Amino acid sequence: MGQQELMSQIEKMKSIGERILAQLEDASVSFESIERGLCERETAFEKFQEVVEMLLDKRELFSCSDELQRILQQNARISLGISERREGVRQAMAKVSASQRFAKSSLPTVQGRMVDIEL
């Protein structure tokens, strides 16, 4: 294992990250699907860590610094996208809650006296 395996793992993380970013932009994609992508990316990151630990010459990491910087930027964009998605869900829930309260308050209520009915 060496430089080639390291680059392979970096490319895998970038690819998964791009897919997650695309999903975050598509409102029709469920958050569960995004979470699966995040889990997949976490698994790829764990594999990347293993590869880094097995490198005999850590200087090989310097040749990947640009790619690693891109992954850091991608992580920031994913984090922002998730925050925006959560805010959108929070706002949608607030609207639903407000319409629910309005609907409940608009229901006609029966006013009058209670009548005992004997069977």
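Here the structure is a predicted model, which is why all the values come from computation and not from measurement.
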[Y] and [X], any side-chain heavy atoms less than 4.5 Å apart:
X	Y	result
Arg41	Asn75	yes
Leu38	Ile78	yes
Glu84	Glu25	no
Gln69	Leu72	yes

Evaluation steps, side chain to side chain contact (heavy atoms under 4.5 Å, CB included), between Arg36 and Ser33
CA-CA 5 Å; Arg36 282 191 298 273; Ser33 180; 3.5 Å; yes
Which residues share a salt bridge (charged side-chain N to carboxylate O under 4.0 Å, His left out) with Glu11, sequence neighbours left out
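Counting only residues at least two positions away or on another chain, Glu11 forms a salt bridge (charged side-chain N to carboxylate O under 4.0 Å, His left out) with Lys14.
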Could you tell me which residues satisfy side-chain contact (heavy atoms from CB on, under 4.5 Å) with Asp26, sequence neighbours excluded, listed by chain and number?
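Asp26 satisfies side-chain contact (heavy atoms from CB on, under 4.5 Å) with Ser28, Val29 once adjacent residues are dropped.
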What residues form a side chain to side chain donor-acceptor pair (under 3.5 Å) with [X], not counting sequence neighbours?
X	answer
Gln100	none
Glu40	Arg19
Arg85	none
Ser97	Arg101

Where do Met7 and Cys64 come nearest, in terms of heavy atoms and distance?
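Looking at all heavy atoms of both residues, the shortest contact is SD-SG, 3.4 Å.
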Exercise: identify the closest heavy-atom pair between Met13 and Phe48:
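Closest heavy-atom pair between Met13 and Phe48: CE-CG, 3.7 Å.
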Residues Lys47, Glu5; criterion side chain to side chain contact (heavy atoms under 4.5 Å, CB included); working and verdict:
CA-CA 10 Å; Lys47 180 69 174 166; Glu5 182 67 20; 3.8 Å; yes
Atom [atom1] of [X] and atom [atom2] of [Y]: how far apart are they, to the nearest 0.5 Å?
X	Y	atom1	atom2	value
Ser65	Arg70	OG	CZ	9.5 Å
Gln73	Leu68	CD	CG	11.5 Å
Leu21	Ile82	CG	CD1	9.0 Å
Ser8	Gln4	OG	CD	7.5 Å

Apply the test side chain to side chain contact (heavy atoms under 4.5 Å, CB included) to residues Gln74 and Ile16: give CA-CA distance (whole Å), side-chain angles for both, the deciding distance (0.1 Å), then the verdict.
CA-CA 10 Å; Gln74 197 177 55; Ile16 295 168; over 6 Å; no
List the steps, then state whether side chain to side chain donor-acceptor pair (under 3.5 Å) holds for Glu53 with Gln49.
CA-CA 6 Å; Glu53 289 169 3; Gln49 284 180 307; 5.6 Å; no
Assess whether side chain to side chain contact (heavy atoms under 4.5 Å, CB included) is satisfied between Thr43 and Lys12, documenting all intermediate values.
CA-CA 10 Å; Thr43 300; Lys12 187 172 184 176; over 6 Å; no
